[in-house]
Amino acid sequence: MPAVVTAIERACRRLLGAADAAANRLYGWRYNPLYQSGTIVVAMFLVLIGTGLWLLLFYRVGDPWGSVARLTANPWTGNWVRGLHRYASDAAIVATAIHAARMVLQHRFWGPRALAWFSGLVLVGLVLILGWTGYVMVWDTFGQRIAIEGARLLDALPILSEPVERAFTGERALPGAFFFLNLFAHVALPLGLGLVLWVHVSRLARPTLLPPKRLGWTIVGLLTAVAVAWPLSMAPIADPFFRPATVPADYFFAFWLPFSRDIPADYAWIGGGLAVLALLLVPRWNRGERAHRPASEVDEAICTGCWQCFHDCPYDAIRMLERHDGRADHVARVTPDLCVSCGICAGSCAPMGVGPPGRTGRDQLEEVRSFLGSPERVPGEIIAITCAHGALTSGPALRAAGAVVYPVDCAGNLHSSVVELGIRAGAGGVLVLACPPRDCRNREGPKWTGERIYHDRDAELQARVDRRRVALAYAGPGEASEAAQAVARLQAAAAALAVPEPDADLDLVAACEATAAVEAS
Amino acid sequence: MSIRPLAVLGAALAVVGTVGTAALSRAPLAAYPDDSPVLRLAWSVRPERIERCRTLSDAELADVPAHMRQRVQCEGRSAAYRLAVTVDGGTVVDTVVTGGGARSDRPVYVFRELAIPAGRHAVVVRFEREPMAGVDSTAGDSSAVADAAADTLMAGRVGREAEERTRRQGEAVPALMELVTDVRPLAREVMLVTYDIDRRALVLRTRDDAP
Ligand code: HEM
Ligand code: SF4
Ligand code: SF4
């Protein structure tokens, strides 16, 4: 990639990290709205459906502006519902922009994720058209302005024999059929939206569709409060014989108007088309990432058919096939076209028989062995295992706090025997620093790692490991002080214990295989 | 504990974000930066069909499959129109417009928005059929129209064909329309020049006589 792009990307990533860290401090990672942006959009859709059905009861295609004006004049069951409907759609746009920006900066768009990328773009297009039809429904000066601009753009395309623009020239009154068609689109589009959303998350196992209740209701409450405290008013009715200097506009849905307004429609299409094309090509431009991140593979000679990787894969990329060679009933098989190379399966497998090439449990053990064997290691020190996408950025702060940093690709890939080996080698403690769960770019890494360390999920951290010397903490990029505090806490806990005796004799690979064999039988 | 100031800050930020979103949802946006009045020309008319007609002989008709027989056969094309607008004597538009479609036989659609200064102006809008080389008749070659009563082969069809041609001519726009008027628009006002199908003429409309 060109150096400029990389530099811009790095700067944006730092900005996002700082914003995330600030929001974590204010609201806690569980309720960080930036992490929850995708699910907030879905929650807003639900609000829009609810308020929209209510508003529909009062809307009249024969008297669009008049019926909305009557609704707006009703403070009890009209005005604030209209306000909430409008603000929820704005919040959906804001949240979509944040969600899409996260996906871009976390490089979650190439390979099998391209489907989510494309469908996400379609969702944005549908939402913008939906907003357009919504504002045209009101038929005030703003609705008229975007209707006229929309017609001008549409008429530049060679699809309609009769120019749409004609409807708005004032030659004759706008027919009711126009408002009926517009209303139909406004009601039908959400159905399409639901369908595309289903495609959007179709590659994901256990998609998270809604934010935590507390966050969702807080947002709805805030939007309702603003709708009540600052009631909407009506803009003047549309008038084909007057060109207002300004119209009261929704910038989230009309941001394009100032750009297209003063240029020929052809240029607007070319500009918009090029932008969309560039967005569509993003996954293609990044096809090369596959070379660095090949799909996971199963070593069938090792697989005991335990189904754990099948359960843990966040992308449903693993199938279990029947096996007839007498070793086990089933064997795992990765579908390369679905595998994003997140590496989570490497941490699932007790006998270490699955994972992307070079990142399986066995590979991890080999790597950590040479790290632990280095003469620089000091017995009793705290090893901070940091996720490359998160806490690794806090390296200097961790070192300053007295920890030694051991970077891994993703804390969710981590095989628990790596932790065990660290303790056996004489570390005072092993701190696993994962990203906050909703920020994991591999979706479920921190969740599974936590369960493997604390809740006996396969491949679990063995009971023989002293839990007082192990800690799991969350720190996103930009959360250096949180990471350093976690080091200090583990240091304090370890200080209360005796200095550990190095004990690296145990053949962990053999031990893991033995455990897996017992469990399989 | 330091949690209280943070909680207050968090709540304040959430409120500011929500109010900011609401504010951007109802902020003034420049709709038409230019405040001149506008003379809007907007109409759609069926172009006149200019054709030359010929009566086929019985022998010629016999060669045509029965369902395609037409006693009077016409060739021609759709007219083009010159649109010319002057404001206070100065030409602001002078252009030729044709009907839509590959053969230009769809309606001629005129849509122009001309910014003019506020105040009193003499406006002339002229819409005139362009002369077309090689074709000079619009009513059809009457000498070629067959005597319907005497036609044995086509029975009543000849009459119906003639009627159909006359109807099409009647729907078409007059060969020349001219609107001469004085206007006195205010800033941002739109004056519409359009085709009145009942009067078969160009008319000026303002908000006061809007449909
Ligand atoms: C307007 C509506 C959108 C909604 C409601 C929406 C919602 C969601 C949800 C709920 C998820 C699942 C999150 C999870 O369980 O991990 C998701 C994933 C995803 N979204 Fe969106 N999204 C929208 C737009 C977009 C846009 C515009 C893009 C980018 C152009 C995008 C890119 C993605 C990607 C790449 C994933 C998959 C993440 C992964 O594979 O780890 N989405 N979206
Ligand atoms: S690396 Fe493993 S867990 Fe991740 S998508 Fe591929 S098969 Fe699934
Ligand atoms: S986790 Fe390992 S042993 Fe279990 S099914 Fe997957 S590859 Fe086989």
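When reading the values below, keep in mind they use all heavy atoms of this one structure, side chains included, and skip hydrogens, waters and symmetry mates.
- For chain B, the option among A:Val226, A:Val247, A:Leu257 with the highest count of heavy-atom pairs below 4.5 Å is A:Val247.
- With a 4.5 Å cut-off on side-chain heavy atoms, A:Ile148 and B:Tyr32 count as touching.
- Within 6.0 Å of the CH2 atom in A:Trp80, the count of heavy atoms belonging to other residues, nucleotides or ligands does not exceed 12.
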Please evaluate residues A:Arg152 and B:Glu113 with respect to the criterion salt bridge (charged side-chain N to carboxylate O under 4.0 Å, His left out), reporting the C-alpha separation (whole Å), side-chain torsions for both, the decisive distance (0.1 Å), and the verdict. CA-CA 12 Å; A:Arg152 183 179 80 95; B:Glu113 292 199 319; over 6 Å; no
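- Seen from the ring of A:Tyr87, B:Arg26 does not count as a face-on cation partner, given the 6.0 Å and 45° thresholds.
- With A:Arg261 contributing its side chain and B:Pro33 its backbone, the two residues share no donor-acceptor pair below 3.5 Å.
- A:Tyr27 has its side chain within reach of B:Leu13: a pair of non-hydrogen atoms, C-beta onward, lies under 4.5 Å apart.
- In this structure, the portions of A:Glu165 lying under 4.5 Å from any heavy atom of chain B include both its backbone and its side chain.
- At least one side-chain heavy atom of A:Leu26 sits under 4.5 Å from a side-chain heavy atom of B:Leu9.
- In terms of heavy atoms, A:Thr169 sits closest to B:Phe111 at CG2-CE1, 3.3 Å.
- In terms of heavy atoms, B:Arg40 sits closest to A:Phe168 at NH1-O, 4.0 Å.
- One finds the OG atom of B:Ser25 at 11.0 Å from the CD1 atom of A:Ile93 (value rounded to the nearest 0.5 Å).
- Between B:Thr21 atom OG1 and A:Ile219 atom CD1 the span is 10.5 Å, to the nearest 0.5 Å.
- Top candidate by heavy-atom pairs under 4.5 Å with chain A, chosen from B:Ala14, B:Ala27, B:Gly17, is B:Ala27.
- Here the closest heavy-atom approach between residue B:Ala31 and residue A:Arg145 is recorded as O-NE, 2.9 Å.
- Of the possible donor and acceptor atoms, none in the side chain of A:Arg243 sits under 3.5 Å from a partner among the backbone N and O of B:Val38.
- Summarising the geometry, atom CG belonging to B:Leu24 is positioned 4.5 Å from atom CZ belonging to A:Phe252; distances are rounded to the nearest 0.5 Å.
- Within a 6.0 Å sphere centred on CZ of B:Arg112, heavy atoms belonging to other residues, nucleotides or ligands number 12 at most.
- Counting heavy-atom neighbours within 6.0 Å of B:Arg106 CZ, excluding the residue itself, gives a total of 12 or less.
- Proximity to chain A is limited to the side chain of B:Thr194, based on heavy atoms less than 4.5 angstrom apart.
- For the pair B:Arg207 (side chain) and A:Phe242 (backbone), a donor-acceptor distance under 3.5 Å is absent.
- The choice from A:Pro240, A:Pro244, A:Pro248 that makes the most heavy-atom pairs within less than 4.5 Å of chain B is A:Pro244.
- The 12-atom threshold is exceeded at CZ of B:Arg82, counting heavy atoms of other residues, nucleotides or ligands nearer than 6.0 Å.
- Looking at B:Ala187, only its backbone comes within 4.5 Å of chain A, counting heavy atoms on both sides.
- The minimum heavy-atom distance linking B:Leu29 with A:Pro258 is given by the pair CD1-CG, 3.8 Å.
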